[in-house]
Undergrad: 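Just passing along the structure, written as structure tokens.
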Amino acid sequence: MKNTLYGLWRGLRRVSGDDAYERYLAHWRKHHAAEGGQPLDRKAFIKVEQDRKWNGVRRCC
Amino acid sequence: MRQPTLPVKKMTPLGMLTWLGIAILGASAVGGIAIHRGESINSLWFIVAAVCVYAIGYRFYSAFIAAKVLMLDATRATPAERLNDGRDFVPTNKWVVFGHHFAAIAGPGPLIGPTLAAQFGYLPGTLWILIGAVLGGCVQDFVTLFFSTRRNGRSLGQMARDELGPIGGVAALVGVMMIMIILIAVLGLVVVNAMKHSPWATSTVAATIPIAVLIGLYMRNIRPGRVLEATLIGVALLLIAVAGGGWLDQQPDLRQWFDYDGPQLALMIIAYGFAAAVVPVWLLLAPRDYLSTFMKIGTVLALAVAIVILNPTVKMPAVTQFIDGTGPIFGGELFPFVFITIACGAISGFHSLISSGTTPKLLANETDARFIGYGAMMMESFVAIMAMIAATVLDPGVYFAINSPAGIVGKEAAEAVAKINSWGFPVTVAQMEQLAANMGEASLFARTGGAPSFAVGMASIFASAFGEAFLSLWYHFAIMFEALFILTTLDAGTRVGRFMLQDLFGNIYPPLGRTSWYPSVLLTSALVVGAWGYFLYMGTLDPLGGINSLWPLFGIANQMLAAIALCVGTTILIKSGKLRYAWVTALPLSWLVIITSTAAWEKLFSPELRVGFIAHAKDLSDKLAAGVLPPDKAATAPQLIFNDYVDAVLTAFFLVTTWVLVLDTLRVSYRIATGGAHPPSSEAPHEPSRVVEDWVRD
């Protein structure tokens, strides 16, 4: 029961994009940490992400 | 080398029995609504018919397409896996992709089209929504999604260029641009008509803008990226805004600040559209999109639950006398106009833009394309069925009183009622006044565009589920909810149009192509807003309500885009040696070509004044020359005449584009079949997937 609720919560965060920054950090650590440098901070990431997301057809009639 | 395809599961006897049962149930439900000729019919029949048709379509037809026609290959690495960059290309859980894809494709279209098409009765629209979706719309979305996935997520325009050649590419590009302009204009008109002389609706819709900005600032500066909590706050504020609008409506000195006529509201929407297109996305577009997506999915689910539990009675006849083309809401006979009026919900070309480009970059496995492409469109089709139910549970007299423009039934209430009664649909002035009072509106006569009628239907369904006391709140909630995602589509569409123009101008003068160069942003935004603003403003001047001419134009444009997508799909099928299955896309394609050509021809050359643009322009010029028009009509007549010719040129353009593309498809197909020179298939080479079968990333 607890697991189901937690799974639903994670699904909701995932589908709404609430966890986008955490996923970005995980991706960064896995693929880009070796290149050195720092990951974007939360605020900078959100800006880049939203600009990227709305650069194309995203909504229909 | 042939790759292993989906294993086709053998059906157990029990499974066979179950599906036989579903088939019989579905057939009886569809037959029930088709042959029923009584006073009223329970809407449960619609739900049962729809669910059975979708279940059978998904279980059998989409499985056939997946296994035999497209041959989805679970072992093939998707672009998301091969090109995973953590941004655009990300292998994603199929339910998450389904959610994103559905939220992207489902807009106001499936709510408005069926509402308008209900003037023919409930049957023609319902049958077209079901058959059109299962054999047309779902197939288009599925096939486009799959082919784009096999081409690294390329867009429809790029695929048209690669597979058909430069003519196809240009047709697709210009088609997308045109449909965007018409779509935004007609949706803007729907919002304007919902807000016309309604301080409650206008103030609530106006309040959504500062609320969105507030949420934008919150998500950027106070709690960056906390989507869920920001959305929760935003939804609460929106509900307060709905109630606050009701309070404001009672304040005599405040309400006059929100009481405008159509052309004034149109100018405001145009100014708003320009501002929204030039401010950064995080400030307005992104936060409002979160709000509208949550509202949309929440409201659609609530409506589905309410309809399933209450199964309200449908009072509209199966078929009305207006199939002869004399309908008050839009002119034109059942064929082809029911198929043009209901585009979204049956087959919508716009979806092919989402199915190519965005969604294919997220698929973790190729086989998910069936669930997402075919399945999400089925859901949208179901939304259209619910809109049809919401329109037809109203008394037909009330439905026609709300949706008929004053130019048809007359400006005075008594006049309008007499006219509607003469068609055989009883309604009284007192009944309409009572309804308007219940909904918190000054009047509900001639509120064209579909939104007010849908809101009345939805409010009555919700009120009977959750209490009659809140009718006016439900009504304005419905208006706010429609306006919210119409404004999102308006912003997003203007922005896409701007990017396309910048891309185009960049070829002539490179700095104009830089999306961040402000003079270029201002210039291209002004051009796009000016284009849709023109049609929107003219729509508000039109005594026939504007919807009468703009909605068919939108339908033709949308179906033309679907024809482009199906042309590309058919060409690719033939190229990949599937000529004998090419009918899967060629069949809906032929149907679309027949209906768009007939409709476009009639819109151009029909002598019927409400159908033919040219006939209407001629009639108006003759009347103007003869001096028989009253002064106010004479003042706007030259603009309306000019607008008729603009509409006619646009229709001719759609007609020509469709045929150029169809002929180009035939040319390329002939070359393929006879071994002549043709553009090679641009399919990305096969790479085996390295992820385990039940691997999911979430």
Side-chain angles (χ1 to χ4, degrees), chain A, chain B residues 84-88 90 92-93 95-96 99-100 103-110 112 155 176 179-180 183 186-187 219-221 224-229 231 280-282 285-286 289-290 292-294 343-344 348 350-351 353-354 357-358 485 488-489 491-493 495-496 499 515 554 558 698:
Chain A
M1 180 63 191
K2 209 174 148 194
N3 279 343
T4 318
L5 281 179
Y6 183 65
L8 280 176
W9 170 241
R10 284 212 324 170
L12 184 66
R13 291 198 68 206
R14 177 70 183 86
V15 79
S16 67
D18 201 54
D19 63 353
Y21 185 63
E22 285 128 76
R23 279 186 290 121
Y24 160 74
L25 280 186
H27 173 86
W28 189 89
R29 282 193 204 104
K30 195 171 163 202
H31 296 279
H32 305 290
E35 299 157 15
Q38 287 292 315
L40 295 175
D41 66 23
R42 208 171 229 288
K43 218 163 150 175
F45 168 75
I46 301 302
K47 183 180 181 317
V48 173
E49 179 63 13
Q50 282 184 340
D51 285 339
R52 178 194 68 80
K53 193 177 155 194
W54 287 99
N55 189 1
V57 182
R58 290 291 166 161
R59 286 294 174 262
C60 232
C61 33
Chain B
N84 186 353
D85 61 2
R87 289 195 304 272
D88 294 314
V90 187
T92 307
N93 176 295
W95 290 94
V96 172
H100 284 185
I105 63 170
I112 298 167
S155 71
V176 171
I179 184 183
M180 212 71 94
L183 166 76
V186 78
L187 291 181
M219 267 200 287
R220 183 164 160 79
N221 292 322
R226 312 286 181 182
V227 174
L228 282 177
E229 59 183 58
T231 306
V281 280
W282 62 265
L285 176 55
D289 180 62
Y290 283 120
S292 76
T293 306
F294 275 78
C344 318
S348 166
F350 217 111
H351 293 185
L353 302 183
I354 308 282
T358 313
F485 61 87
T488 308
T489 309
D491 281 15
R495 221 166 262 272
V496 169
F499 288 142
T515 49
F554 161 63
N558 203 357
D698 77 347

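All of these numbers come straight from a predicted model, not from anything done at the bench. The chains referred to below are lettered A, B, ... by the order of the sequence lines, with proteins before strands, and numbering in each begins at 1.
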Undergrad: For atom CD of A:Glu35, is the number of surrounding heavy atoms from other residues, nucleotides or ligands below 6.0 Å larger than 12?
TA: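 Above 12, so yes.
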Undergrad: Most heavy-atom pairs under 4.5 angstrom with chain A, which of B:Ile354, B:Val176, B:Thr231, B:Asp289?
TA: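 Sorted descending by pairs with chain A, the first entry is B:Asp289.
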Undergrad: Could you tell me which portion of B:Thr293 (side chain, backbone, both or neither) has an atom closer than 4.5 angstrom to a non-hydrogen atom of chain A?
TA: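 Looking at B:Thr293, just its side chain touches chain A.
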Undergrad: Quick one: what part of A:Lys47 sits under 4.5 Å from any heavy atom of chain B, side chain, backbone, both or neither?
TA: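 Looking at A:Lys47, backbone and side chain both touch chain B.
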Undergrad: Which atoms of B:Phe485 are under 4.5 Å from chain A, going by heavy atoms: the side chain, the backbone, both sets, or neither?
TA: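 The answer is neither part of B:Phe485.
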Undergrad: Measuring heavy-atom distances to chain A, does B:Val227 have an atom under 4.5 Å in its side chain, in its backbone, in both, or in neither?
TA: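 Interface part for B:Val227: both.
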Undergrad: Please state whether the side chain, the backbone, both or neither of B:Leu228 comes within less than 4.5 Å of a heavy atom of chain A.
TA: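 Its backbone and side chain both get close to chain A.
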Undergrad: Hey, is CH2 on B:Trp95 packed in by over 12 heavy atoms from elsewhere, all under 6.0 Å?
TA: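 It does not: B:Trp95 CH2 has 12 such atoms or fewer within range.
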Undergrad: Using a cut-off of under 4.5 Å on heavy-atom pairs, state which of A:Val15, A:Leu12, A:Asp41 scores highest against chain B.
TA: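 Most heavy-atom pairs within the cutoff with chain B belong to A:Val15.
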Undergrad: Select one option (side chain, backbone, both, neither) describing which atoms of B:Phe499 are under 4.5 Å from chain A's heavy atoms.
TA: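 For B:Phe499, side-chain heavy atoms alone lie under 4.5 Å from chain A.
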Undergrad: Enter the distance from B:Leu285:CG to A:Arg58:CZ here, rounded to the nearest 0.5 Å.
TA: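 The CZ atom of A:Arg58 is 11.0 Å from CG of B:Leu285, to the nearest 0.5 Å.
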Undergrad: Using a 4.5 angstrom heavy-atom cutoff, name the option from B:Thr488, B:Asn558, B:Asn221 with the most pairs to chain A.
TA: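 Looking at each of B:Thr488, B:Asn558, B:Asn221 in turn, B:Asn221 comes out on top.
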Undergrad: Is A:His27 close to B:Asn84 at the side-chain level, that is, under 4.5 Å between some pair of heavy atoms?
TA: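 Yes, their side chains come closer than 4.5 Å.
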Undergrad: Are B:Phe294 and A:Ser16 close enough, and set up right, to give a side chain to side chain contact (heavy atoms under 4.5 Å, CB included), and what steps lead you there?
TA: CA-CA 9 Å; B:Phe294 275 78; A:Ser16 67; 4.0 Å; yes
Undergrad: Roughly how far, to the nearest 0.5 Å, is the CG atom of B:Asp85 from the NE2 atom of A:His31?
TA: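 Going from NE2 on A:His31 over to CG on B:Asp85, the span is 10.0 Å.
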Undergrad: On a heavy-atom basis, which atom in B:Ala492 and which in A:Trp54 lie closest, and how many Å separate them?
TA: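 Here B:Ala492 and A:Trp54 meet closest at CB-CZ3, 3.8 Å.
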Undergrad: Under 3.5 Å, side chain of A:Arg42 to main-chain N/O of B:Pro224, donor-acceptor pair present?
TA: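 Yes; at least one donor-acceptor contact below 3.5 Å.
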Undergrad: Just verifying a value: how many Å separate A:Ile46 CD1 and B:Arg220 CZ, rounded to the nearest 0.5 Å?
TA: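 Result: 9.5 Å between the selected atoms.
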Undergrad: Between A:Cys60 and B:Pro108, which heavy-atom pair has the shortest distance, and what is it?
TA: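 Smallest heavy-atom distance, with atoms named: O-CD, 4.4 Å.
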Undergrad: Would you mind checking if B:Asp88 and A:Arg52 are paired as a salt bridge, meaning a charged N to carboxylate O distance below 4.0 Å?
TA: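 A salt bridge links A:Arg52 with B:Asp88.
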Undergrad: Please identify, among B:Ala286, B:Gly357, B:Gly99, the residue contributing the most non-hydrogen atom pairs under 4.5 Å to chain A.
TA: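 It is B:Ala286.
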Undergrad: Can A:Arg14 and B:Asn93 be said to form a side chain to side chain contact (heavy atoms under 4.5 Å, CB included), step by step?
TA: CA-CA 9 Å; A:Arg14 177 70 183 86; B:Asn93 176 295; over 6 Å; no
